[in-house]
There are 2 protein chains.
Amino acid sequence: MKKRPTIKDVARKVGVTHSTVSRVINDNPAISGRTKDKILKAMKELSYQPNLVARGLVRRKTHAFALITPDLNPHVLPIIKGISDTCRRLGYGLMLFSTDYWIGENRSYAEVVRNWLVDGVLIYNVIYHEDVPENIRELEEENIPCVFINKFLGKNKVNNVSVDNDEAVFKAVSHLAATGHKRIGMIKGGMLSVDGVERFNAFRKSLEKLEIEFDENITGCGNFFFSEAYEEMKRILCSSPGRPTAMFCANDLMAMGAVKAAEDMGLKVPQDIAVAGFDDLEAARFFKPSITTLKPPLEDIGGKAIEMLLRVIENPSRPVEEIGLGSRLIVRESSVV
Amino acid sequence: MKKRPTIKDVARKVGVTHSTVSRVINDNPAISGRTKDKILKAMKELSYQPNLVARGLVRRKTHAFALITPDLNPHVLPIIKGISDTCRRLGYGLMLFSTDYWIGENRSYAEVVRNWLVDGVLIYNVIYHEDVPENIRELEEENIPCVFINKFLGKNKVNNVSVDNDEAVFKAVSHLAATGHKRIGMIKGGMLSVDGVERFNAFRKSLEKLEIEFDENITGCGNFFFSEAYEEMKRILCSSPGRPTAMFCANDLMAMGAVKAAEDMGLKVPQDIAVAGFDDLEAARFFKPSITTLKPPLEDIGGKAIEMLLRVIENPSRPVEEIGLGSRLIVRESSVV
DNA sequence: GGTTATAATGCACACGTTAACATTAAATCA
DNA sequence: TGATTTAATGTTAACGTGTGCATTATAACC
């Protein structure tokens, strides 16, 4: 790599000290217009650019953030996009650290920040219950600015931005109710995840609000998987005395599994049974029938998370902030004729 | 953020100079075993970690790479995963820069590297023909280590790792031929993209090798879109005298469009017409019928690209290296009963 | 035992920038 | 006019590491 001109090269060319050049770079008002112009001109001629590493050393800020994500699943892509776009807009860099095995990994992610390679951290989708994992406690103990994407099940509050499951689920269930359904069942996701728990609770609250009876018998758990949902749906359709006329599924994969189960049992979707999912996977659009679903504002979440991180950095001692964003209901073939 | 211990803190604790500590950090053999042990012990006790920014300043290496990608589409996710995993394995950091409008953007991406924030760059899916875009020429001119993911259409060779379209397409066409098809058509992708051009050429070469006649009349262009492929497929099925019994599509979206068109015209897939795609989208698995497709080794591509980048850094003047990786054929319902 | 090779460590500067403090020149005031 | 404020720039010391060279202490040699 070619050697780049430094602040001193610029200074020499103009006939001033490097600190004068530094001042114009940082918009210090003490510099006279005349020398400022000369310096700017010289910088352009040499195509000078400040060395961010050197600046990072003295300022103790690198002007970069890190995103730490335990897995790279399709959901995370729009989130990354939101984060990346926002970083670009604000002039920040973005480092990406992914790992498939977050908890229990002996390498600490605070390392990254400790070395001052980043000014703050975004953490996606880390799930824990009672005990805070070592890696995260480290971040807290060292007061590293940090915002979580998605919530915890644990009791302690953290800065986070996530999908408002209550709002979203109510939209979907209302839609099913509005199209005439009185017996609505649900295929739950895994109860170890925040979304699994929240979406189920939201489902029950929605029924209550809409004055529809909740029936345990038409409820199953598919753990967010296509195949498990398929089995559960078959079980529900076979065994229960009063068959459901609509099913809400905690994600699209399970909704597709439920649809397939219904069809394999000779039922027509949506005529005999309506189905709605959550996520708006690409597959949900192309599935036959296409799946009615909730589209979470993932790009927004990424953007808002960065903005929150900036607020945290500016004022580390401010009270914990939690933001939930609304989703869009996309009505497709699986719920209406 | 808490102040971290420095090399000097360690030195003071042991009673040596900071340069001695630096030497043990860098495995300099000049240090005696006794002091080395003492220093290692002190480092552990203080939980010292080298400041990578400071090191980056003096070494002119940050031990981080950048991935620049014009868009964040689903294909790029496994590539990112491959890159990220490999970086982690090698102890490198990864910066992510995405932009939807690469060419014509006035901000230069060489900036990133010039500031020595990264040691090398991976560029995904930048397409150009005759004139090299400014941004890329800049990288070349300044001898910035750089590897491309996916090839160019331009005449000049670059270091790159990509999908071997010849190999993949031949696999798919052979499969169709092996299941008895003699009239095989194709829905092409956009001819402005490398994959579009290469996959079509590979298709023709495959037919030749398999001694099957190529017929322009059962060839269409869907520009990689579902809807355009749908229309083209209808056109082909309506107009041509000798209807094709199998279609190869340059990607899965178009394959799904082609299937839908065939079914809407009363044909059964695969009984009346077989269809194969490319990409192995998640949707291709859940589509009905599920789509026979080629799964490109995207994670591998990411990993190999990083490895190539390391070779480029080690020896910048070595001859240009081009690697093409093979794909896996996944046979599903759309091509066999 | 003195000379020389060798092993182990210290010293001082460099990397490119920022920023506190010092200095000079110019402008304002009494 | 001389004192004093203000504006503009220079000096210098950080930031945390790495490294060439100098300096010891130790071992080897004759």
Side-chain angles (χ1 to χ4, degrees), chain A residues 1-40 42-43 46-64 111-119, chain B residues 1-40 42-43 46-64 111-119:
Chain A
M1 283 198 261
K2 241 171 28 184
K3 189 173 169 355
R4 303 283 321 158
T6 75
I7 209 174
K8 290 189 181 168
D9 296 322
V10 177
R12 197 171 319 124
K13 183 166 173 136
V14 179
V16 293
T17 357
H18 68 279
S19 43
T20 308
V21 177
S22 171
R23 277 186 264 257
V24 344
I25 290 172
N26 296 289
D27 279 328
N28 187 317
I31 303 300
S32 74
R34 239 171 49 83
T35 51
K36 182 171 179 176
D37 290 345
K38 280 198 292 185
I39 288 172
L40 288 174
M43 290 192 344
L46 294 173
S47 74
Y48 165 81
Q49 279 182 242
N51 179 324
L52 298 188
V53 176
R55 176 181 290 171
L57 182 58
V58 40
R59 283 221 184 125
R60 291 139 166 275
K61 297 262 175 205
T62 55
H63 230 63
E111 274 184 28
V112 179
V113 194
R114 283 205 209 105
N115 298 331
W116 294 312
L117 278 176
V118 296
D119 300 339
Chain B
M1 281 199 263
K2 241 172 29 184
K3 190 172 169 0
R4 302 285 320 162
T6 75
I7 209 174
K8 290 189 184 172
D9 296 323
V10 178
R12 197 169 319 125
K13 184 166 173 135
V14 179
V16 293
T17 357
H18 71 277
S19 43
T20 307
V21 177
S22 171
R23 277 185 262 257
V24 345
I25 290 171
N26 296 288
D27 279 329
N28 188 317
I31 303 300
S32 74
R34 238 171 49 83
T35 53
K36 183 171 179 176
D37 289 345
K38 280 199 289 183
I39 288 172
L40 288 174
M43 291 195 337
L46 294 173
S47 72
Y48 165 81
Q49 279 183 242
N51 180 324
L52 298 187
V53 176
R55 176 181 288 171
L57 181 59
V58 41
R59 283 221 185 125
R60 290 139 166 276
K61 297 261 177 208
T62 55
H63 229 63
E111 275 184 28
V112 179
V113 194
R114 284 205 209 105
N115 298 330
W116 292 314
L117 278 177
V118 295
D119 300 341

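Residue numbers start from 1 in every chain, and the chains themselves are labelled A, B, ... in the order their sequence lines are given, proteins ahead of strands.
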With sugar-phosphate meaning primed atoms plus P, OP1 and OP2, does N26(A) contact a base, only sugar-phosphate, or nothing at under 4.0 Å between heavy atoms?
-> sugar-phosphate
May I ask you to evaluate whether T20(A) reaches the phosphate of dA8(D), defined as a side-chain N or O under 4.0 Å from OP1 or OP2?
-> no
Per I31(A) side chain, nearest of listed nucleotides dT17(C), dT9(D), dT17(D) = dT9(D)
Base, sugar-phosphate, or nothing for S19(A), non-hydrogen atoms under 4.0 angstrom?
-> base
Whole-Å distance separating the CG atom of D37(A) from the C1' atom of dA8(D) = 15 Å
For atom CZ of R34(A) and atom P of dA25(C), their distance in whole Å = 15 Å
Got a donor-acceptor pair under 3.5 Å from the side chain of R23(B) to the base of dG10(C)?
-> yes
V53(A) versus R60(B): any side-chain heavy-atom pair under 4.5 Å?
-> no
Could you state the atom-to-atom distance from CG of N28(B) to P of dT17(D) in whole Å?
-> 17 Å
Identify whether any heavy atom of S22(B) sits under 4.0 Å from a base atom; if not, whether one sits that close to sugar-phosphate; answer base, sugar-phosphate or nothing.
-> base
Take atom NE2 of H63(A) and atom C1' of dT18(C), then tell me their distance rounded to the nearest Å.
-> 15 Å
Whole angstrom value for the distance that separates C1' of dG16(C) from CG of N51(A) | 6 Å
Relative to the 5' end of DNA chain C, which residue comes earlier, G33(B) or V21(A), by the nucleotide with the nearest heavy atom?
-> G33(B)
Polar side chain donor-acceptor pair, T35(A) to S32(A), under 3.5 angstrom | yes
Report which part of the nucleic acid V16(A) touches: base, sugar-phosphate, or nothing (heavy-atom distance under 4.0 Å, all strands).
-> sugar-phosphate
Y48(A) side chain, from C-beta outward: closest of dT17(D), dG16(D), dT17(C) = dT17(C)
Assign T6(B) to base, sugar-phosphate, or nothing according to its heavy-atom contacts below 4.0 angstrom with the strands shown.
-> sugar-phosphate
Value for OG1 (T62(B)) from CG (L57(B)), rounded to nearest 0.5 Å, stands at 11.5 Å
Name the residue closer to the 5' end of DNA chain C, choosing between R4(A) and P29(B) according to the nucleotide with the nearest heavy atom.
-> P29(B)
Validation row: I39(B), R23(B) side chains within 4.5 angstrom (heavy atoms) = no
With heavy atoms under 4.0 Å as the rule, sort S32(B) into base, sugar-phosphate or nothing.
-> sugar-phosphate
Between dA14(C) (C1') and K8(A) (NZ): distance, integer Å | 9 Å
May I ask you to evaluate whether R60(A) reaches the phosphate of dG16(D), defined as a side-chain N or O under 4.0 Å from OP1 or OP2?
-> yes
Could you work out which one of dT11(D), dT17(D), dT18(C) sits closest to the side chain of T17(A)?
-> dT11(D)
Hey, does R55(B) have a side-chain heavy atom less than 4.5 Å from the side chain of N51(B)?
-> no
Among the nucleotides dC15(D), dT9(C), dT17(D), which one has an atom lying closest to any side-chain atom of L57(A)?
-> dC15(D)
I7(A), nearest nucleotide to its side chain (from dT17(C), dG18(D), dT9(C)) | dT17(C)
Determine whether I31(A) and T20(A) make a side-chain contact, defined as any pair of heavy atoms from C-beta on separated by less than 4.5 Å.
-> yes
Can you find a side chain N or O atom of K3(B) that sits less than 4.0 Å from OP1 or OP2 on dG16(D)?
-> yes
dA14(D) C1' sits how many Å from H18(A) NE2, rounded?
-> 11 Å
Can you check the L117(A) CG to dT17(D) C1' distance for me, whole Å?
-> 14 Å
